[in-house]
Amino acid sequence: MRRRLLAGLAAGLLLAALAPALPAAAALPEYSTAEAGNPFADGWYADPDIAVYDNTYWVFPTTSKSYAEQTYLDAFSSTDLVTWTKHANVLTKANVSWATQAMWAPAPIARNGKYYLYFAANDIQTNSALGGIGVAVADNPAGPYRDAIGRPLIGQYYNGAQPIDQDVFIDDDGQAYIYYGGHGHANVARLNADMTSIGTFPDGSTYKEITPSGYTEGPQMFKRNGKYYLMWSEGGWTGPDYSVSYAIASSPLGPFTKLDRVLAQDAAVAKGSGHNSVVNIPGTDTWYIFYHRRPLSETDGNHRQLAYDRMNFNADGTIARVTMRVKDNFADGNAYGWKTYGGAFTATGGRYEAAGSLGGKALLDTNFGDFSYDADVTVTSGSGDAGLVFRTTGAANGTDAYNGYYAGISPAGRVVLGRAANNWTQLGTANLTVTAGTTYHLRVTAIGSSIKVYVDDLNTPKISVTDTTYASGADGVRVFNAAAAFDNVAVGVPTGPGTNLAQGRPATGSAPCTASEGPEKAVNGSVAGGNSDKFCSSVAGAWLQVDLGATKTIGRFEVAHAQAGGESAAYNTKAFTIAVSNDGTTWTTPVNVTNNTAANTTHTVTGVSGRYVRLTAGTPEQGTGGAARIYELRVF
């Protein structure tokens with residue numbers, strides 16, 4: 001794991017004392033994402049790096065403004081990864097005599113009873129300019145930090161690497177390393193035990209180039225199960241293609257050969273996702289990736305926000321593709337990421353409360369087409385209704401001032417589904433006893449023209465209609481002549497009722513079409529990434545296998561084929577089987593499909609259980625050859 005040494009270490013600790021495992025932080029639930037919503041902090045920030053100090057998680061980001069305004073660094077702390085406290089100005093240029101602007105990418109670490117913060121400043125372009133990577137020190141995590149050496153620690157280009165975007169890592173033997181580099185080059189150097197000077201390698205060298213293919217900037221090093229993981233950012237930082245890739249090596253010096261891109265934009269959630277760090281919850285194998293991303297509607301390069309999601313590993317130690325999930329349970333007492341249009345909305349008491357209004361709306365900056373949207377809805381007063389808006393564009397203040405759909409519940413005894421376009425078209429209603437003050441679970445599942453509305457009973461929809469007017473848009477909540485509270489909002493790929501047992505689990509399969517189309521893509525919970533978000537194999541009898549971790553009772557399988565991911569219907573899998581096994585050796589086959597044409601298929605089964613699930617493609621597409629394309633295999 002990455003060594004972020006805890007507070008309270010005595011200044012005289014020997015190096016050998018640094019190697020043992022860190023004390024466990026307070027026990028935390030295993031979150032699938034920032035369950036209380038991304039962004040998790042308010043304001044424009046980027047390049048977050050995270051450390052664990054004395055059972056508290058500390059995030060140090062870049063302040064995302066113009067270079068001339070980047071003259072200070074803030075920090076955020078949390079004991080539960082839910083509620084975050086802002087610590088302003090932990091380091092400012094007033095405490096760094098040589099820094100004038102562009103203070104970037106702080107990297108925190110503790111040692112010798114001190115807290116160190118490595119940072120870049122001045123964005124130097126040549127060796128004749130003053131600037132580069134500095135190091136500041138403080139007596140506590142919140143600072144104030146002060147320049148430790150009065151000059152840059154690394155103030156020159158070596159091996160073509162601009163001295164920016166540093167990351168500091170202490171290995172199990174106590175040796176500290178600094179990884180850094182912009183302009184498409186990455187270096188590693190040894191830090192001496194004082195943490196404020198550069199050492200040399202046994203061969204006498206100081207800076208070793210370790211640049212992997214595709215590298216742009218932002219290296220991040222961590223260790224798991226004896227292996228060294230180097231992550232880095234690719235693409236342009238202002239563009240939608242900014243992303244994170246990684247390599248694994250048996251040495252902190254590499255060689256680092258790119259394995260996969262693990263975090264990229266999601267056209268339904270956010271763009272420009274990159275410059276990450278990771279944290280391992282001490283005493284567990286639970287990992288999260290912290291990164292910045294740009295909201296879909298933002299075009300300013302500096303409009304970046306802080307987010308984190310769960311990071312999972314496959315059985316062979318490779319990293320599964322990270323899915324940017326959309327959830328908010330309002331447990332942090334804020335509604336960051338929501339934008340209101342009329343009405344009055346307040347995050348309080350772990351809910352998102354809306355005062356009574358004639359059409360007040362609050363929207364997330366999302367753009368889902370096919371999805372399942374879940375939320376708890378409580379009508380607190382009024383005779384109108386409250387519920388979910390989706391596939392929404394052009395929102396403004398006003399009762400029906402948006403283009404999109406709305407599904408709501410009313411104490412008048414009904415569920416309603418309609419379409420808005422600065423007017424109202426009712427698409428369906430159903431009778432339902434709704435009591436003011438009682439919470440109801442709403443789910444809307446939209447796949448193409450099919451829209452289904454569920455209330456509490458997630459097996460049988462209350463309303464089911466077909467409408468082709470709106471294909472995609474933002475998701476949110478709305479009230480009409482009522483006050484309401486909303487909670488446990490979650491938007492994701494369309495699924496039926498139940499828990500997807502395969503999501504995020506280790507997956508194996510036949511040889512993929514390309515290295516970036518491996519079997520892990522089919523269990524990442526997403527088809528939103530389009531053509532690159534699938535398992536593809538052109539091997540005859542192509543197969544995909546998922547390890548559920550233990551024998552599970554199974555009631556349903558769902559498969560998302562090529563068309564579900566935006567490809568031609570001609571590539572939908574025509575013939576396939578789904579088999580289960582308790583031991584990976586003896587198999588039974590409860591599903592045998594011989595003539596499928598659909599983009600999404602559902603297979604209900606009874607009396608089926610197993611630990612391993614294997615899908616085998618008999619006829620991989622509607623023609624006679626080609627490759628099997630599986631965007632998701634879900635197991636419920």
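Note that the numbering runs from 1 along the sequence shown for the chain. Predicted model, so just to flag it, every value in this text is computed and none were measured.
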> Taking the side chain as every heavy atom from C-beta outward, state whether L81 and E35 have any pair of such atoms under 4.5 Å apart.
no
> Checking the side chain of E632 only, and the main-chain atoms of G525 only, is there a donor and an acceptor separated by less than 3.5 Å?
yes
> I need the minimum non-hydrogen distance between A482 and V379, along with the two atoms involved.
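A482 and V379 have their closest heavy atoms at CB-CG1, 4.2 Å.
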> Does T284 use its side chain to pair, donor to acceptor, with the backbone of I281 at less than 3.5 Å?
yes
> Using only heavy-atom distances, determine whether the side chains of T56 and D54 contain a donor-acceptor pair under 3.5 Å.
no
> Hey, is the main chain of N367 close enough, under 3.5 Å, to the side chain of S472 for a donor-acceptor pair?
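Flag not set: sc S472 to bb N367 has no pair under 3.5 Å.
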> Could you go through V326 and V269, starting from their C-alpha distance and side-chain angles, then the distance that decides it, and tell me whether this counts as side-chain contact (heavy atoms from CB on, under 4.5 Å)?
CA-CA 7 Å; V326 178; V269 181; 3.8 Å; yes
> With the side chain counted from C-beta on, respond yes when I554 and L548 share a heavy-atom pair under 4.5 Å apart, and no when they do not.
yes
> Can you tell me if D533 and S526 form a side-chain donor-acceptor pair at under 3.5 Å?
yes
> So among D487, D376, N488, D456, which one has a side-chain hydrogen bond (donor to acceptor under 3.5 Å, both in side chains) with H441?
D376
> Between N89 and T92, is there a donor-acceptor pair closer than 3.5 Å when you use the side chain of the first and the backbone of the second?
no
> Side chains of S449 and T468 only: does a donor on one sit below 3.5 Å from an acceptor on the other?
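Note: S449 and T468 side chains miss the donor-acceptor criterion.
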> Counting distance only, does the side-chain N/O of Y288 pair as donor-acceptor with the main-chain N or O of Y31 below 3.5 Å?
yes
> Kindly determine whether D475 and T366 satisfy side-chain hydrogen bond (donor to acceptor under 3.5 Å, both in side chains), including the steps that lead there.
CA-CA 6 Å; D475 307 279; T366 53; 2.8 Å; yes
> Does R478 count as lying over the ring of Y406, i.e. NZ or CZ under 6.0 Å from the six-ring centre, within 45 degrees of the axis?
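Relative to the ring axis of Y406, which defines the angle, R478 lies inside both limits.
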> Are M324 and L263 side-chain neighbours, meaning at least one heavy-atom pair lies under 4.5 Å?
yes
> Would the distance check show the side chain of N403 and the main-chain N or O of G394 forming a donor-acceptor pair, the cut-off being under 3.5 Å?
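It does not hold such a pair.
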> Any donor-acceptor pair under 3.5 Å linking the side chain of Q265 with the backbone of G272?
no
> What pair of heavy atoms forms the shortest contact from M103 to Y72, and how long is it?
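Looking at all heavy atoms of both residues, the closest pair is SD-N, 3.9 Å.
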> Answer yes or no on whether R419 is positioned over the face of Y405, meaning its NZ or CZ is under 6.0 Å from the six-membered ring centre and within 45° of the axis.
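Output no; distance or angle outside limits.
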> Checking S357 side chain against G360 main chain: does a donor-acceptor pair fall under 3.5 Å?
yes
> Do you know the tightest heavy-atom contact between A407 and L417?
CB-CD1, 4.1 Å
> Name the residue from K271, R304, Q305, H303 that meets the side-chain hydrogen bond (donor to acceptor under 3.5 Å, both in side chains) definition with E298.
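In the set K271, R304, Q305, H303, the residue that makes a side-chain hydrogen bond (donor to acceptor under 3.5 Å, both in side chains) with E298 is H303.
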> Does H275 offer a backbone N or O that forms a donor-acceptor pair with the side chain of S233 under 3.5 Å?
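Checking the backbone N and O of H275 against the side chain of S233, a donor-acceptor pair under 3.5 Å is found.
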> Does any non-hydrogen side-chain atom of V444 lie less than 4.5 Å from one of L442?
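When only atoms from C-beta onward are counted, V444 and L442 do not touch, as no gap falls below 4.5 Å.
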> For the pair F368 and F371, name the ring-plane relationship: parallel under 30°, tilted 30 to 60°, perpendicular over 60°.
perpendicular
> Got a list of side-chain donor-acceptor pairs under 3.5 Å for residues 336-348, not counting sequence neighbours?
residue: W338; atom: NE1; partner: D328; partner atom: OD2; Å: 3.0

> Carefully, step by step, assess I409 and V455 under the rule side-chain contact (heavy atoms from CB on, under 4.5 Å).
CA-CA 9 Å; I409 57 174; V455 183; 4.1 Å; yes
> Should Y454 and N459 count as side-chain neighbours, where that means a heavy-atom distance under 4.5 Å?
no
> Do R310 and T286 have side-chain heavy atoms sitting under 4.5 Å apart?
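When only atoms from C-beta onward are counted, T286 and R310 do touch, with a gap below 4.5 Å.
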> Of all the heavy-atom pairs spanning V465 and L427, show the shortest one and how long it is.
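The answer is CG1-O, 3.5 Å.
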> Among residues at least two apart in sequence or on other chains, which ones pass side-chain hydrogen bond (donor to acceptor under 3.5 Å, both in side chains) with D457?
none
> What is the distance from atom OH of Y57 to atom CG of D80, rounded to the nearest 0.5 Å?
9.5 Å
> Please name the residue in the list K521, E567, Q563, H561 that meets the side-chain hydrogen bond (donor to acceptor under 3.5 Å, both in side chains) test with Y631.
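Looking at K521, E567, Q563, H561, the match for Y631 under the side-chain hydrogen bond (donor to acceptor under 3.5 Å, both in side chains) is E567.
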> Using a distance-only test with no angle check, is there a side-chain donor-acceptor pair under 3.5 angstrom linking R414 and T429?
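Note: R414 and T429 side chains miss the donor-acceptor criterion.
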> Would D332 and W84 count as a side-chain contact (heavy atoms from CB on, under 4.5 Å) here? Give the steps.
CA-CA 8 Å; D332 54 4; W84 295 87; 6.0 Å; no
> How about N431: does its CG atom have over 12 heavy atoms from other parts shown lying under 6.0 Å from it?
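For N431, atom CG is not crowded (no more than 12 foreign heavy atoms under 6.0 Å).
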> Test side-chain hydrogen bond (donor to acceptor under 3.5 Å, both in side chains) on R261 and S243; report intermediate values, then the result.
CA-CA 7 Å; R261 178 177 295 176; S243 55; 3.2 Å; yes
> Between D266 and R325, is a salt bridge (Lys or Arg N to Asp or Glu O under 4.0 Å) present by the stated rule, with each step listed?
CA-CA 10 Å; D266 185 329; R325 305 196 183 281; over 6 Å; no
> Before you tell me yes or no, could you show the steps for Y402 and K361 under side-chain contact (heavy atoms from CB on, under 4.5 Å), namely the whole-Å CA-CA distance, both residues' side-chain angles and the distance that decides it to 0.1 Å?
CA-CA 10 Å; Y402 64 102; K361 301 175 289 295; 3.6 Å; yes
> Which distance, rounded to the nearest 0.5 Å, do you find between the OG1 of T393 and the OH of Y470?
6.5 Å
> Out of W104, Y45, F290, which residue meets the side-chain contact (heavy atoms from CB on, under 4.5 Å) rule with P61?
Y45
> Locate the shortest heavy-atom distance separating A564 from V527; write the atom from each residue and the value.
O-CG2, 4.0 Å
> Between A483 and G356, what is the shortest heavy-atom contact and its length?
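Result for this residue pair: CB-N, 3.5 Å.
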> Checking S64 side chain against N302 main chain: does a donor-acceptor pair fall under 3.5 Å?
yes
> Evaluate the criterion ring-ring contact (aromatic ring centres under 6.0 Å, His included) for residue pair W287 and F313; output intermediate values, then yes/no.
CA-CA 9 Å; W287 296 76; F313 294 85; 5.7 Å; yes
> Is the distance between the ring centroids of Y242 and W237 less than 6.0 Å?
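No, too far apart.
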> With a 3.5 Å cut-off and no angle check, do the side chains of T33 and K327 form a donor-acceptor pair?
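Not at all, the side chains of T33 and K327 share no donor-acceptor pair under 3.5 Å.
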> Which of these, F76, W58, Y145, F60, sits in a ring pair (Phe, Tyr, Trp, His ring centres under 6.0 Å) with H87?
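Exactly one option meets the ring pair (Phe, Tyr, Trp, His ring centres under 6.0 Å) with H87, and it is W58.
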> Do Y308 and Y291 have ring centroids that are under 6.0 Å from one another?
no
> What I want to check is whether the side chains of D47 and T62 have a donor and an acceptor closer together than 3.5 Å.
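Their side chains do contain a donor-acceptor pair, which is all the 3.5 Å distance test asks for.
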> With side chains defined as the heavy atoms from C-beta onward, is the minimum distance between S372 and T445 less than 4.5 Å?
yes
> Verify whether the ring centers belonging to F390 and Y373 lie closer than 6.0 Å.
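That pair fails the under 6.0 Å test.
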> Taking the side chain as C-beta and beyond, is there a heavy-atom pair between V489 and N329 under 4.5 Å?
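V489 does not reach N329 side chain to side chain.
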